[in-house]
There are 2 protein chains.
Amino acid sequence: MQYSVTTKDIDERRKRDGKLVAGTAAKADIGSFKSFPDWQQLPKARRWDHIITKESAAREPCVLKQAAVHLKKPGLISLGGGLPSPENFPIVSLSVRVPNGETEFTDAAAATEDGGAAVTMGKYDASQALGATSGGSGPAAEYDLSIALNYGQACGSAQMLRWVTEHTELVCRPPYSDWSTCLTVGSTGALEQALRIFCDRDRHDTLLTEAYSFSTALETAKPLGIRVVGIEMDEQGMIPESLDALLSGWDVQARGGSAKPHLLYTVPSGQNPTGATQSAERRQAIYKVCQTHDVYILEDEPYYFLQMPPYQRNRPAASAEPAPTQTSEEFLGSLMPTFVSMDVDGRVMRIDSFSKVLVPGSRMGWLTASEQIIERFVRHAEACNQGPSGFSQVALYQILEKTWGHENYFKWLAHIRESYTQRRNTLLDACEDHLPTSVVSWTPPTAGMFHWLTVDHTKHPDHGKRGILELEKEIFDLCIESGVLVGRGSWFAAEPDQPPAGLFFRVTYASATAPRMTEAITRFGAAVRKSFLL
Amino acid sequence: MQYSVTTKDIDERRKRDGKLVAGTAAKADIGSFKSFPDWQQLPKARRWDHIITKESAAREPCVLKQAAVHLKKPGLISLGGGLPSPENFPIVSLSVRVPNGETEFTDAAAATEDGGAAVTMGKYDASQALGATSGGSGPAAEYDLSIALNYGQACGSAQMLRWVTEHTELVCRPPYSDWSTCLTVGSTGALEQALRIFCDRDRHDTLLTEAYSFSTALETAKPLGIRVVGIEMDEQGMIPESLDALLSGWDVQARGGSAKPHLLYTVPSGQNPTGATQSAERRQAIYKVCQTHDVYILEDEPYYFLQMPPYQRNRPAASAEPAPTQTSEEFLGSLMPTFVSMDVDGRVMRIDSFSKVLVPGSRMGWLTASEQIIERFVRHAEACNQGPSGFSQVALYQILEKTWGHENYFKWLAHIRESYTQRRNTLLDACEDHLPTSVVSWTPPTAGMFHWLTVDHTKHPDHGKRGILELEKEIFDLCIESGVLVGRGSWFAAEPDQPPAGLFFRVTYASATAPRMTEAITRFGAAVRKSFLL
């Protein structure tokens, strides 16, 4: 069933629901944050008991948190959990200064140093100080420091869960009923937790991913004894036919006893390191292969909102005028569909991040998956991190909920992707101007912050005499010598023990200024020329 | 070798060192933060390769972070790591309002709502905005949002590591040279990471701990396939002779193939759930047994600074005058020695927390251990959380470093322990007044936030007919019925499949107000009387 939810639907649901009352360590009811009125009519997700690991299956709810059900009893006094009293918290208020949602986000930094909005949260904005007499109608706010800075649920605060659930419904419209969300301590940690749910050392489980993949993801899998198999890629990333062929022809014996893989990790938009973005058709085809072979999908989308228009060399000069503002519907319509939006089976865990669009330092993101999987994830979070920092939750709540709201957050995302589009354009202009196109080729990225350069090693004077990795090292060293740091393709190989598919380098347009990016590419080009004796 | 370090030594070392220059993702040199001048002359820690797990041993440094060594090259332009540019961070400043260090901390909340100090950190206080022209002598601050809110090292920022290293040297004075520190995402997560360093599912490894232990610690160990064995306790906690006897008589075959244990988890001060505090002699004796049997020690000390004077019923009334201020030396002299302070072998990982003395919501603490173990821990942190939230690091830096300093932090700790001492006294007064001492007994706790009540089940009219767990449930249910939530002893049993050693309940004085605590104990007493037909 297809449906859609707008920010207006959310406003109306919130109005009907009234104030969110959720005190210290309150449990959130994710269903109550959904705005599609018929969500409970959707089919339920499949169960994944057959692939869940020993470790994950053995997790039981925390006994002290279970006892908290008794706290609902009227008049009960708790001498149960050792939660410190907020009277002993030394922080009375916390303020952040951010661009307010009314101005255009054309120059966020400048806008806020002078103006913007200073949003302040006090200790008892939403609750009464212990022992204080009630001031009549009670406090007006929904969240405060006495709640956020105490122990909470490992899934995150109800206040932030409401926000991410609404955002997810706007973006993904999951087509099954029991989808749920929980906060994470960032996507890196979320991936490790996910691997511990699905991959068992004793079963010699295999993780499928792109042939060139996020190095930290590979480094996360390896110590857990997980075997990684890379799927062939083209300019749209992972090739579904290759995935299908691999799974159809899987030979347990030839694979040293590894069962047929049941887990796929993919970065569909602006893939790290190749910059490839899967088209809508590509995503549908991959999902279908995963249905056929009963594969669970980890959809890691840190760059999802950094999807860009195609690169054009002869484009109109960047206008001083701000681009016409898009509505949230227009903005969302410009993005590729998510795997979750086609996930009729509940076989996808989507891993979302604030790192690339707000700040990496929040160490906070969120997941979307079926209730069963979210519950397993949270059971682990209770032991491995107890959920994200209260300071992070407060800071992001102040920005997203109190200052911007959903509509302005989409405007912010549009602003950020415009900023990255200009950076990409600068880098690609420099590549066209300064790289020897006789040996270096590329596909202009349409999302993210990475650009992948293919160097034709067959044209190297030492071709046949020296291997790809040797040439890669030579060019990398020449780069360092001439003052530019790039990523070596081999760092990202899913199967580093296999012969490399080619000679690649990853460059990022995330952080250097325009003149330095141009200079850096010039240096890279010179290093390649030197190695190739051009 | 014994030595001591004072806050004055730290001030002088800092003066000599000058400004700490540590930008985005800078690596910290922990040695440079030590103030004892001859620390390098101390003997080195032992190596622990023989007990480190397959998983931990397989961890290699993150390839992208290794490449960062090249960033030191003058003039180098990085197109390497995908760090977002801080120009895209929407937060321009962050302020916290806290009691300033000059006032007494007698009523922290009241002091700061009106006054106190609002400490503000800007985006570029320590660094120049990209592309901005330098303003002469350069920025004065050592830390700012452009650093704290970007990706950083998983061990934490140099700015916070300096602070915890100095604090640790003041408190613990480790007697070996290569001790190190790193931040954690809280002690709960730190324990799971530690267990993955030392306990291997395939080896059927055993964790030793108190017979009644922190339930979350037990819940953390179990899904990892770790067997837990509880050590007999008295009013000072774990009994070293019992530990020695267990290890001396360990029979691998009788234990189903589990090798002799090599890991001990202990909460030495205000142990959860029993409230027991190990004396100095007790700690020395336990350390010695661990040396004899080559056992590594996890010293978990969330309540270390909540050590209190002994409980006295007929004490002078709490004075309205603040207690005379102690110097940091006097305060530290009132505390039991840490295991790290006697750790000549480097066989201790001390797990420190801000949760009980500042706020739990920071999800940030720190470790002290030998370099080898810290390095293994950080390798895992790179995959499982990337270190604590930047918002948490900023907030705590603002309080600890910018507002208070070490000397005032010890004053704060003295204030907090005084607050918990009063709470303990209230609860114990209520126990003396309202519990049937014919069947309920206890040892007054001298640290922490927990009180452990022993109910003499042999005096129950149904003794011999109903088991301890049945009686425990009956009393718990009667408690809920009469409106009080307490912890059941069996929730904390290290070996829940063994017959319980007695009938116990845990109560906390952490959070209820004085009149409610007294009422709650009255209700508990009534529940016991009802069950025992008194």
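In this text, all values refer to a predicted model and were calculated from it rather than measured experimentally. Here is how names work: the chains are called A, B, and so on, in the same order as the sequence lines, proteins then strands, and each is numbered from 1.
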Testing the basics here: between [X] and [Y], what is the closest heavy-atom pair and its distance to 0.1 Å?
X: A:Glu219; Y: B:Cys62; value: OE1-CA, 3.4 Å
X: A:Ser85; Y: B:Ser511; value: CB-CA, 4.1 Å
X: A:Ser389; Y: B:Ser389; value: CB-CB, 3.5 Å

Could you look at [X] and say if it's the side chain, the backbone, both or neither that has a heavy atom under 4.5 Å from chain B?
X: A:Glu60; value: side chain
X: A:Leu358; value: both
X: A:Glu481; value: backbone
X: A:Arg201; value: side chain
X: A:Phe524; value: neither
X: A:Pro74; value: neither
X: A:Pro61; value: backbone
X: A:Phe450; value: side chain

For the residue pair [X] and [Y], establish whether any side-chain heavy-atom pair is separated by less than 4.5 Å.
X: A:Tyr420; Y: B:Pro84; answer: yes
X: B:His70; Y: A:Phe476; answer: yes
X: A:Thr120; Y: B:Arg97; answer: no
X: A:Arg363; Y: B:Arg363; answer: no
X: A:Phe391; Y: B:Val359; answer: yes

Look at [options] and state which one has the largest set of heavy-atom pairs under 4.5 Å with chain B.
options: A:Ser362, A:Ser215, A:Gly75; result: A:Ser362
options: A:Ile399, A:Asn150, A:Val486, A:Val357; result: A:Asn150
options: A:Gly122, A:Ser93, A:Ala520, A:Pro388; result: A:Ser93
options: A:Ser482, A:Ser56, A:Ser355, A:Gly152; result: A:Ser355
options: A:Gly390, A:Gly189, A:Pro360; result: A:Pro360
options: A:Thr216, A:Leu64, A:Asn272, A:Leu191; result: A:Leu64

So for B:Ser78, is it side chain, backbone, both, or neither that comes closer than 4.5 Å to the heavy atoms of chain A?
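Both parts, backbone and side chain.
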Toward chain A, the part of B:Phe492 with a non-hydrogen atom under 4.5 Å:
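Side chain only.
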For chain A, the option from [options] that forms the most heavy-atom pairs under 4.5 Å:
options: B:Glu519, B:Met121, B:Met364, B:Lys356; value: B:Lys356
options: B:Ile480, B:Leu224, B:Val507; value: B:Ile480
options: B:Leu94, B:Val185, B:Val63, B:Thr220; value: B:Val63
options: B:Ile147, B:Leu83, B:Val394, B:Leu71; value: B:Leu83
options: B:Gly487, B:Ala395, B:Pro515, B:Gly448; value: B:Ala395
options: B:Gly186, B:Ala58, B:Gly82, B:Ala67; value: B:Gly82

Please say whether more than 12 non-hydrogen atoms of neighbouring residues, nucleotides or ligands are located less than 6.0 Å from NZ in A:Lys65.
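Counting neighbours around NZ of A:Lys65, more than 12 heavy atoms of other residues, nucleotides or ligands fall under 6.0 Å, so yes.
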How long is the span from the [atom1] atom in [X] to the [atom2] atom in [Y], to the nearest 0.5 Å?
X: B:Leu485; Y: A:Ile77; atom1: CG; atom2: CD1; answer: 11.0 Å
X: A:Leu195; Y: B:Cys384; atom1: CG; atom2: SG; answer: 12.0 Å
X: A:Leu396; Y: B:Ile91; atom1: CG; atom2: CD1; answer: 6.5 Å
X: A:Arg523; Y: B:Leu76; atom1: CZ; atom2: CG; answer: 7.5 Å

Inspect the contact between B:Glu55 and A:Arg196 and indicate whether a charged nitrogen and a carboxylate oxygen are less than 4.0 angstrom apart.
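So A:Arg196 pairs with B:Glu55 through a salt bridge.
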